[in-house]
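Below, chain A is the first sequence line, B the second, and so on; all start at residue 1. Note that the structure is predicted; figures quoted are calculated from it, not measured.
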There are 2 protein chains.
Amino acid sequence: MGRTVTVRDIAEKCGVSVATVSRVINNNGRFSQETEHRVRAAIEELGYQPNQMARALRARRTDAIGVIVPSIANEFYSSVILSLQGELFDEGFSIIIYNTNGSVEMERQCHAHLAAQNVAGIISVNSHEDVRLALDRPVPTVYIDRFLDPDEMGSNVASVSSDNFASGKLAAEELWASGSRHPVTITPRPDAPVTEMRTSGFVRGLKDLGYELPAESIFTPQVTGYETSRIMTERLISSGYPFDGIFAQTDWEAIGALEVLRSHHIRVPEEIAVVGHDDIMIAQFGRPPLTTIHQDAAQIGTRTAHLILSMVRDEPIESNSILVPVGLVRRESTRRADL
Amino acid sequence: MGRTVTVRDIAEKCGVSVATVSRVINNNGRFSQETEHRVRAAIEELGYQPNQMARALRARRTDAIGVIVPSIANEFYSSVILSLQGELFDEGFSIIIYNTNGSVEMERQCHAHLAAQNVAGIISVNSHEDVRLALDRPVPTVYIDRFLDPDEMGSNVASVSSDNFASGKLAAEELWASGSRHPVTITPRPDAPVTEMRTSGFVRGLKDLGYELPAESIFTPQVTGYETSRIMTERLISSGYPFDGIFAQTDWEAIGALEVLRSHHIRVPEEIAVVGHDDIMIAQFGRPPLTTIHQDAAQIGTRTAHLILSMVRDEPIESNSILVPVGLVRRESTRRADL
DNA sequence: GTGAAAGCGCTAACAC
DNA sequence: GTGTTAGCGCTTTCAC
């Protein structure tokens, strides 16, 4: 293992200065064709790779994008990250990932860590930190799963999100069409930024159909997930509260609800129709298979990647608040046969 | 936004030299208590954060660990990464993630990318690259899901893996105890490094029970997964090949098999017993719920993190080939009632 | 079209 | 116990 090869080695081998080598590498400034050939040949021959740390020190930033996410083990998030990592890699960027487990304190620490590392940009997924913090962060930030008012955002903040209002509305329409006249909804944790949009879309959808959803029909657990949803559904049944449809705002919550309904021998969709949200793999394996709102994780990933790249490069962006369409995937937990 | 604050600012504010400031920060070398207090106070007051790029340039390496994985969207991998990211974060390290989608060429590119970034270490998950490449890479590398002969490894290569031989054996014993006398196995893709160990454990387990598994009973698809497994099981049934048990070496393959068996009205476990592998969430939702081999993703993550940290710090390591125990999780796809 | 040289922010000799 | 200084590898002004 010889010393690592630097611009200097290339320069010496070619009998030019390091400045010229640098110009060739970055295709920046003038140099003769002949020099270019010699330099490129030497780079090839010696297997030279520019040292990114030195570059970063000079440029005052790295070619890395920080990604902060509640948990990479969440299928929806990992799908988004898979997609955006691929796009960013193609442009020479790498991603540094942090899991916060939903803790605001952890999020704060991650931002500190990222600041010290001089990342070029930050992608923050389903964050419930105060967005104003981002406004006076020098590094461009894109929020996923969080709708931001375009007017409130500085030029270094943007958002990409599913159209959660639309998904709430779709769920309302599907439950109604399935004969549900007293639907309820189970939201993610109250501080999840998507909760409000989905719920208001749901309320609005029902209202348009002539039904005013009572506030008591909106259930907002402190912790999102399968277990919580089981417990809530169990309580809901034993309380005798009249309901004949559930919009569970995550698929895991929907699956939890389905399991409890099944254990009570309540027929789905005949007695109670159920709509989930996200369309992760488990949805296909519900009993019955779950009707759900599909989020386009791949598209969210690519749009986010393109957005952050533009911002990092100081290129103009089409919009600083991108809404990705959702769609209903009808399976067997809605639309009773006799309707 | 003022200029970013550097050691120099701290030094000036305290009336000391940058060297002293550096000594205090790194707790390296001598300095008076009084100086220390002044410096720390100034750091606090100005909100100084050491520039990691400059440090990295100096130290010739960053505090980042590169992680190369086939796909972060695979639940088992993402659970491992969740775990190891937490551990590494506590020690001040960050992780840079690459997805290869199982492509060796992509893996090669990722290594090149990582080399240019001077990561302190590399964690390579389920890689099928030539390990000898790692031997003359200067940066420590830990392989996950790949058993390496301790003798073949240099001091900068190590491995952490489930005890895949044991899991094959467990599967054999469980199927046998469920009354299966002609079991088959469906492996992950042939180049997956775990395939060989699981299969030989399975063969050995059956042999110990007095059954010699014919080579025709080992099915090795080119592509791992739910769909492939469905197709293979379908073919297996229509071919009339006699079998009464399946060891599917991933849970998704097991779920695919279960679906096909169900569509043919073949009773599980009465007619055919099924054992999966990994114990990811979907296993609980199989029809019937899937008996499977549990892999301890969290432990694999923490052991990997500790290993790579020791290697990075040039500390001695207990072992360069760690085997993490597995366990059978019995659900309803094995052990017919009448036995 | 090319070279010399400064400097990004930090650490570690080395001197005192 | 503290200061001076070289230099990590790169890019970029400024000369010529």
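Residue pairs meeting the side chain to side chain donor-acceptor pair (under 3.5 Å) criterion with at least one partner in residues 53-76 of chain A, sequence neighbours excluded, are Asn26(A)-Arg55(A).
Here dC10(C) presents its P atom at 10 Å from CG of Asn118(A), a figure rounded to the nearest Å.
Within residues 46-56 of chain B, the residues approached by DNA chain C to less than 4.0 Å at the level of any non-hydrogen atom are Tyr48(B), Pro50(B), Asn51(B), Ala54(B), Arg55(B), in residue-number order. Residues from residues 7-17 of chain B placing a heavy atom under 4.0 Å of any atom in DNA chain D, listed by number, are Gly15(B), Val16(B), Ser17(B). Heavy-atom distances under 4.0 Å link DNA chain C to Phe31(A), Ser32(A), Thr35(A) of residues 31-42 of chain A, given in residue order.
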Query raised in the report: Given Val125(B) and Val80(B), is the side-chain contact (heavy atoms from CB on, under 4.5 Å) satisfied, shown in steps?
Result: CA-CA 10 Å; Val125(B) 183; Val80(B) 171; 5.7 Å; no
Query - Intermediate values then yes/no, side-chain contact (heavy atoms from CB on, under 4.5 Å), Phe93(B) and Val312(B) - result: CA-CA 11 Å; Phe93(B) 283 77; Val312(B) 161; 4.1 Å; yes
Query raised in the report: Would Ile72(A) and Ile97(B) satisfy side-chain contact (heavy atoms from CB on, under 4.5 Å), going step by step from the backbone distance to the final call?
Result: CA-CA 11 Å; Ile72(A) 205 181; Ile97(B) 292 194; 4.2 Å; yes
**Report entry** Test side-chain contact (heavy atoms from CB on, under 4.5 Å) applied to Val24(B) and Val16(B), step by step
**Finding:** CA-CA 11 Å; Val24(B) 171; Val16(B) 296; over 6 Å; no
Using a cut-off of under 3.5 Å, enumerate the N/O to N/O pairs linking the protein to nucleotides 12-16 of chain C.
| unit_1 | atom_1 | unit_2 | atom_2 | d |
| --- | --- | --- | --- | --- |
| dA12(C) | OP2 | Asn28(B) | ND2 | 3.3 |
| dA12(C) | O4' | Arg58(B) | NH1 | 3.3 |

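Under the 3.5 Å distance criterion, the side-chain polar atoms of Gln85(A) are matched with a main-chain donor or acceptor of Asn99(B). When atom types are taken as modelled, the side chain of Asn51(A) and the backbone of Met53(A) share a donor-acceptor pair closer than 3.5 angstrom. Judged by distance alone, the side chain of Ser162(A) and the main-chain N or O of Asn164(A) form no donor-acceptor pair under 3.5 Å. A donor-acceptor pair is defined here as one N or O able to donate and one able to accept, closer than 3.5 Å; no such pair exists between the side chain of Thr100(A) and the backbone of Tyr98(A).
Contact record, Ser79(A) with Ala297(A): CB-CB, 3.6 Å, taken as the closest heavy-atom pair. Between Tyr48(A) and Val5(A), the shortest heavy-atom contact is CD1-O, 3.2 Å. Nearest heavy-atom pair across Asp145(A) and Val194(A) is O-CG1, 3.5 Å. When all heavy atoms of Ala73(A) and Ser78(B) are compared, the closest pair comes out as CA-OG, 3.7 Å. Annotation for Ser310(B) and Ile317(B): closest pair CB-CG2, 3.5 Å, computed over non-hydrogen atoms.
No salt bridge links Arg40(A) with Glu44(A); every basic N to acidic carboxylate O contact stays at or beyond 4.0 Å.
Taking every nucleotide of DNA chain D with any atom under 4.0 Å from a non-hydrogen atom of chain B, the first and last of them, 5' to 3', are dG1(D) to dG9(D).
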